[in-house]
Amino acid sequence: MHAINLALARRFERLADLLEIRGDEAYKIRAYRRAAETLYQLHEPVTRYAEEGRLRELPGIGPALARKIQEFLETGEISALTRLQREVPPTLLDLLHLPGLGPAKVRALWKTLGITDLPSLEAALRAGKVHQVPGFGARTVDRLLKALAEFQARPPEHLLAHARDMGSFLVQWLRDVPGVHRAEITGPVRRWVPFVPHLDLLVAASVPPGELLSILLGHPLVETGRVQDDGRLELRDLEGLPIMVHLAGEASFGTAWAVTTGSVAHWQGLQRLAEAKGWHLSPQGLGPVGEETPIPDEETLYTALDLPWIPPELREGRGEIEAARQGALPSLLPWDAWKADLHTHTRWSDGALDLRDLVTAAWKRGLRVIAITDHSPAQHVANGLSVERLRKQREEVEKVRAEWGDRILILHGAEVDILPDGSLDYPDEVLAELDIVIASPHMALRQDAQEATQRLVRAASHPWVDIIGHPRGRMWPRRPGLPLDMDALLRAALEHQVALEVNSNPHRLDLGEEDLRRAAQAGVLIAINTDAHHPHDFAYHLFGVALARRTWVDPTLVLNAWEPERLMAWLRERKSRA
DNA sequence: GCCGTTTTCGGCCCGACTGTTTTCAGTCG
């Protein structure tokens, strides 16, 4: 992903959202969304297409959009968007996040009551004005008040994937600036916290803060920014992600990086170790009080405290310092140990690639095993496979398998829906024909804990099921997912030796952190999958691996790190018992 | 606003559900 493509895509999406609220023609709006999608998928920077006069070759880009892209590349602005934002307040877009409010209802609120943002909506709701608007009844008012309260109670969390992208864009941007000696990602993003409140950067530079600010404001994805009283820079990107830029001297970069990385509990643990030695640890350095020595890198800091360097994703104050002191840090799943994706989709259901192309993409990624697991019939919207089509797909799998030989192991499987009562969406004799079966919940995600737990336990006990996919079915930020008695599910998984999935899609990360920690302690088998629908989705595995490292998952329990022969033996053994 | 050999204008994805209505508009996936 290139920053310039993302910057344009976001602006086209915003144009589409604002036009929709204004009530423009639906197909025009769709054209902007399509153009945004094209830019997201584009491998090369759009600048190259512009330079070569090839913008019109991109799908969904016609004369009008090509002109807007050209304008943005030359001026950093799209005048149509600037004008539109003056007419339709962009704060109205916040209202779209509330369930039940779409563009038409937002327009009605704006036009009849002059509501322009969340506070004015809340005021109007409380003043009883909203039910006067046609289309808004008592139920809607109630629901909106509830949604508003929930929305405000929730700390603003952002996608780690987006924060990491932004972090690397800005770090690259800064490293090209003369006078910037070092720029690094720090804070919760560096620790791979699954959902983050903000992005933190640490910069050592001989450039005054004001100048640094204008350099950062020149980045196409940065929207606003200011220098705080304490000298830090506070910025916000196009998606509303807050970005804190901390400044440090080059000589004390090590301590500054450790303190800004956190967590607070981990840093305090380090300070206690320093105190035990009669020293003082501060962001400026380490040593006897008043004589702290600046420390330029983290390795030196940890060594001075008689510790091995502790990876950021472990620094949560959950016993990692004690473990490190005793030389008993857990053995972590290596970043490059992920060699199998056991959950992927092709164009047979809702994936973007033909089966053959997906296998090629997997092989290019260095995967040694790929399971093709398209949807079952209950997923109409996703074009789920009838039994007949599933069997036809098997023929294609066998052809592709013959082409690839033993370079990559291709498994034919399915992601079969777990129906609300816990039964599965294919009959047993069909499941028996598959190499691997993932069972996942997609529908009826508002069940109560008892119903949902019974449902998942029943699926986990099914003889043909190998993996439970995204067990809660959560989807950030809209769907919290099923409430579950996790211990009951873990017991069932252990008893039947079924693996639970960590779905690495950054919107899912399900199992989540708490669930996974308990699963790891219970010794349940774990499958880290990407649920890839596009070839670039394979990159998601990093989020799953990071989660496994954060929760101290024993690498030997991770199916995706096994040798293909062992995985096959496990699957065969399960089949023979079923 | 884009697209195309049925082509330079007319079509572009749609069905289920919900809440508000009294026959349907808007949301959601």
Side-chain angles (χ1 to χ4, degrees), chain A residues 8-9 11-39 41-42 49 54-72 78-81 83-84 92-93 95-112 121 125 130-147 345 347 349-352 375-384 415 417 420 440-446 470 473-481 505 507-508 531 533:
Chain A
L8 264 162
R11 282 171 171 84
F12 285 157
E13 275 189 345
R14 186 177 287 191
L15 255 160
D17 289 344
L18 292 171
L19 288 172
E20 208 169 16
I21 291 177
R22 194 171 75 175
D24 279 47
E25 209 243 332
Y27 291 111
K28 180 174 169 179
I29 291 158
R30 188 179 301 168
Y32 279 105
R33 295 238 160 86
R34 211 173 144 225
E37 193 51 38
T38 293
L39 289 163
Q41 306 294 341
L42 201 60
Y49 286 84
R54 297 196 293 124
L55 284 174
R56 298 282 304 276
E57 290 173 20
L58 296 171
I61 308 293
L65 284 169
R67 257 200 313 280
K68 289 186 172 73
I69 293 175
Q70 203 74 47
E71 183 196 2
F72 183 69
I78 300 172
S79 46
L81 176 59
R83 275 197 307 276
L84 188 59
L92 280 174
L93 300 176
L95 272 57
L96 293 175
H97 296 305
L98 298 175
L101 280 192
K105 295 212 154 171
V106 169
R107 175 169 64 250
L109 291 170
W110 172 43
K111 288 297 185 188
T112 54
L121 172 62
L125 283 167
V130 170
H131 80 268
Q132 300 161 8
V133 183
F136 288 81
R139 282 176 103 135
T140 307
V141 171
D142 274 0
R143 242 161 46 110
L144 282 177
L145 274 169
K146 222 174 273 169
H345 295 273
R347 209 172 275 174
S349 64
D350 60 350
H375 289 286
S376 64
Q379 289 297 301
H380 308 286
V381 276
N383 194 21
E415 182 183 22
D417 251 65
S440 312
H442 290 104
M443 57 176 81
L445 296 175
R446 287 182 199 166
H470 49 71
R474 79 159 162 177
M475 188 68 95
W476 183 93
R478 286 224 153 188
R479 281 210 313 252
N505 182 309
H507 291 269
R508 289 194 182 272
D531 200 350
H533 288 72

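Chain letters run A, B, ... following the sequence lines, proteins first, then strands; residues in each count from 1.
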*Could you pull out all residues at least two apart from A:His533 that satisfy ring-ring contact (aromatic ring centres under 6.0 Å, His included)?*
A:His345
*With P as the reference atom in both, quote the distance from B:dT21 to B:dG26 in angstrom, rounded to an integer.*
12 Å
*Sugar-phosphate, base or nothing in reach of A:Ile61, heavy atoms under 4.0 Å*: sugar-phosphate
_Euclidean distance, atom CG of residue A:Leu58 to atom P of B:dC2 [Å, nearest integer]_ = 12 Å
*In whole angstroms, how far is the C1' atom of B:dG29 from the CD atom of A:Gln379?*
10 Å
_Pairing check on B:dG15: which nucleotide meets the Watson-Crick or G-U wobble criteria with it, both distances under 3.5 Å?_
B:dC28
*If you measure from the C1' atom in B:dT8 to the same atom in B:dC2, how many Å do you get, rounded?*
12 Å
*With a 4.5 Å heavy-atom cut-off, do A:Glu37 and A:Gln41 have their side chains touching?*
yes
*What integer distance in Å separates A:His375:NE2 from B:dG29:C1'?*
12 Å
*Evaluate whether atom CZ of A:Arg139 has more than 12 neighbouring non-hydrogen atoms of other residues, nucleotides or ligands under 6.0 angstrom away.*
no
*Take the protein atom OH of A:Tyr32 and the nucleotide atom P of B:dC2, then report the distance between them rounded to whole Å.*
8 Å
I'd like a table of atom pairs between the protein and nucleotides 16-24 of chain B - only N or O on both sides, under 3.5 Å - with the distance next to each one.
residue	atom	partner	partner atom	Å
B:dG19	O3'	A:Thr140	OG1	3.1
B:dT20	OP1	A:Gly137	N	2.7
B:dT20	OP1	A:Gly137	O	3.2
B:dT20	OP1	A:Thr140	N	3.1
B:dT20	OP1	A:Thr140	OG1	2.6

*Round to a whole Å and report the spacing from CG of A:Leu144 to C1' of B:dT27.*
13 Å
*Answer yes or no: is there a donor N or O on one side and an acceptor on the other, between the side chain of A:Arg34 and the main chain of A:Pro59, under 3.5 Å?*
no
_Span that lies between the P atom of B:dC3 and that of B:dC13, in whole angstrom_ = 13 Å
*Starting at CZ of A:Arg56 and ending at C1' of B:dC2, how long is that distance when rounded to a whole Å?*
9 Å
*Taking atom P of B:dG26 as reference, at what distance in whole Å does atom NZ of A:Lys111 sit?*
15 Å
*Less than 4.5 Å apart, any side-chain heavy atom of A:Leu109 and any of A:Leu101?*
yes
*Separation of A:Leu96 atom CG from B:dC28 atom P, in whole Å?*
9 Å
*Does a side-chain heavy-atom distance below 4.5 Å link A:His470 with A:His442?*
yes
*Mind checking what makes side chain to side chain contact (heavy atoms under 4.5 Å, CB included) contact with A:Ala66, not counting sequence neighbours?*
A:Leu55, A:Arg56, A:Ile61
*With nearest nucleotides of DNA chain B determined for A:Arg34 and A:Pro103 from heavy-atom distances, which residue corresponds to the more 5′ nucleotide?*
A:Arg34
*Can you sort out the partners of A:Lys28 under salt bridge (charged side-chain N to carboxylate O under 4.0 Å, His left out), two or more places apart, ordered by chain and number?*
A:Asp24
*Taking atom C1' in both B:dT23 and B:dT18, what distance in whole Å separates the two?*
15 Å
Distances for protein N/O vs nucleotides 9-14 of chain B N/O pairs under 3.5 angstrom?
residue	atom	partner	partner atom	Å
B:dC13	OP1	A:Arg30	NH1	2.7

*Heavy-atom distance under 4.5 Å between the side chains of A:Leu42 and A:Tyr49, does that happen here?*
yes
*Same-atom distance (P) from B:dC28 to B:dT20, integer angstrom*: 14 Å
*Report the residues that fulfil side chain to side chain contact (heavy atoms under 4.5 Å, CB included) with A:Arg11, sequence neighbours left out, ordered by chain and then residue number.*
A:Ala7, A:Phe72, A:Ile78, A:Leu81, A:Leu238
_First encountered from the 5' end of DNA chain B, between A:Lys28 and A:Leu101_ = A:Lys28
